[in-house]
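Report on one structure; see the data block that follows.
The chains referred to below are lettered A, B, ... by the order of the sequence lines, with proteins before strands, and numbering in each begins at 1.
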Amino acid sequence: MKARLTLVTLAAWLLIGVGVKHVRYGDASVLGIVTAEANLADFAQRQGWQVAERIVLGTDNRYATLILKKAECPAPLAVMLLDSSDSVKEIFERAVKGDLTYVEAGVPHATPPMAKLWLHNSLATLLAPFGGAAAFPIVAVAPSSAAGEGACSLGVIGRWPELTAVRRTS
Amino acid sequence: MPIVLTRGAVAALLLVGGCLNGMISQAESNWRTEGAVTLMQFFGFGFFVPFSIYVAMKLVNEAGDALPRRALGLAAFVYAGLILAPSSLVSWLSVAAFAAWIAVHAPLKPRIGALLFLALALVMIWTSAGVKLFIDRVTAFDAWILQHMLMMLSFDIERNGNLVTAASGHNVVILLDCATLKRLPLGLLSCFSASLLSGRLMPARPLLGSLALLALGLTALNAVRLTLLSLSPHAYELIHGDIGKSLYDAIETLVVIWIGFSLGESRLAKPLPAVVRTA
């Protein structure tokens, strides 16, 4: 009797645990990078930029580059979200011939601050179930001048944290 | 028919449940991107994860009632509560902590099972989070090997970080999922698990030597695969596609499990002492 009760309790515990995680991970929007990309595209469109092309590497939308165009600006912008992985940054750097800026939490950097990002995102992942901090992917922008102010830039860099803040998935 | 449930069995079931909870994040992600099952993958987990869990569970179950009753109850209560948090990473950390607690309190045979659970949890934490801290070096390592393999075939090869470019203009970028240092720990753990199935344990030095040789072999196997898929876009499609991937997983699995079984059957391996039942 006691053994049966233990088994039933264990089965219920397992179902609740798996169910709670299914609720959290089952929603595709928790794929942080996808949400961040949608937010960024929406923000760019409100600044008058149109998404001319979306280049995807891989099958799960993790490595998407947005090519943005604006009628009055001669050169298109390229934006890529790196999440906590920078294993595709060489491709982006090569495609834009090295003229790019990395923006993390609204702050521009010449090279992506991956260790800081890893620490921040790992903490956000751990604290997420307890209402913890949001995480920010790194945004690679080309040309580098596009990260600043001006009619042909993406503008208001200080607002980027709220645009790219995402929940963590693992 | 009465069911007999020892403390060892409860601990083993709790650890298996914790592992299943830890696997949800990756399983959901894989479900969305690649579907549930291919030939050698089950929700994104190859053969190695369920196999290691099975061997570890078998060994922890051997504890019988040798674990201290009250302390186990308290540790299990805290652990079971933590597992309910909606985070797979928290689940793996909890499995690691609970397995470490069992390893301290259990006799030799179940202790090895608990250490297997601990190692599995650490490997899963490494593959899902830890490896990203070293992502540049981890992916550049395979790109460096690939560059030298292709140079042996006398191609004009250029490498920039994890991006390898042949003179023909065919680019190959090494991403984390293909990196040797991400895949290797699980292979080594499964080999060790397979060696334990015979109920025997190799002495530390020959065991570590064998695992080091296996690590070299698996690195070479991945290097050959990367070299072949770098030869042309057509070769890439073939080797990186479903059939090529399943074939590679099958070869890797067979090599790892066969070496593991051989180690367990080796003359150097000594039988693990049975747990003395006191009740």
Side-chain angles (χ1 to χ4, degrees), chain A residues 1-7 9-11 13-28 30-31 34 57-63 82-95 98 111-112 114-115 117-119 121-122 125-130 132 168-170, chain B residues 2-6 9-10 13-14 16-18 20-34 80-93 124-125 128-136 138-140 143 159-163 165 171 173-179:
Chain A
M1 184 66 192
K2 198 175 162 189
R4 275 179 209 277
L5 187 67
T6 308
L7 275 179
T9 310
L10 279 174
W13 164 76
L14 183 61
L15 281 176
I16 292 169
V18 170
V20 162
K21 284 169 195 70
H22 174 71
V23 169
R24 179 175 174 207
Y25 299 116
D27 176 7
V30 298
L31 269 178
V34 176
L57 180 69
T59 52
D60 52 0
N61 287 341
R62 267 184 300 171
Y63 314 111
L82 293 175
D83 198 17
S84 49
S85 154
D86 69 345
S87 60
V88 289
K89 73 177 166 50
E90 272 81 9
I91 297 177
F92 189 77
E93 284 179 2
R94 195 185 163 100
T111 53
M114 297 312 295
L117 184 81
W118 180 85
L119 186 65
N121 286 353
S122 298
T125 303
L126 270 178
L127 297 175
F130 313 106
R168 305 302 308 162
T169 57
S170 54
Chain B
I3 300 169
V4 180
L5 209 54
T6 61
V10 171
L13 288 172
L14 279 167
V16 173
L20 290 175
N21 273 272
M23 291 160 78
I24 296 293
S25 162
Q26 192 180 328
E28 290 274 5
S29 162
N30 208 71
W31 168 264
R32 271 194 299 269
T33 55
E34 292 178 32
L82 282 170
I83 290 293
L84 294 179
S87 163
S88 286
L89 189 56
V90 172
S91 294
W92 282 123
L93 287 168
M124 297 309 281
I125 292 166
S128 68
V131 71
K132 288 178 182 167
L133 183 59
F134 310 99
I135 194 164
D136 259 349
V138 164
T139 52
R159 181 178 74 87
N160 177 23
N162 60 336
L163 180 66
T165 309
N171 289 320
V173 61
I174 309 292
L175 297 181
L176 203 49
D177 286 343
C178 286

Atom group of B:Leu14 that falls short of 4.5 Å from chain A, counting heavy atoms
both

Shortest non-hydrogen pair, B:Ser87 vs A:Lys21, comes out as O-CE, 3.6 Å

Between B:Ile24, B:Leu84, B:Leu163, B:Asn21, who has the most heavy-atom pairs with chain A when the cutoff is under 4.5 Å?
B:Asn21

What option among B:Gly17, B:Gly130, B:Ala80 has the most heavy-atom pairs under 4.5 Å with chain A?
B:Ala80

Counting only non-hydrogen atoms closer than 4.5 Å, does A:Leu10 touch chain B with its backbone (N, CA, C, O), its side chain (CB onward), both, or neither?
side chain

Side-chain donor/acceptor of B:Trp92 to backbone N/O of B:Gly22, under 3.5 Å
yes

Hey, is the main chain of B:Leu89 close enough, under 3.5 Å, to the side chain of B:Ser128 for a donor-acceptor pair?
no

Does the B:Arg159 side chain pair with the main chain of B:Gly161, one donor and one acceptor, at a distance under 3.5 Å?
yes

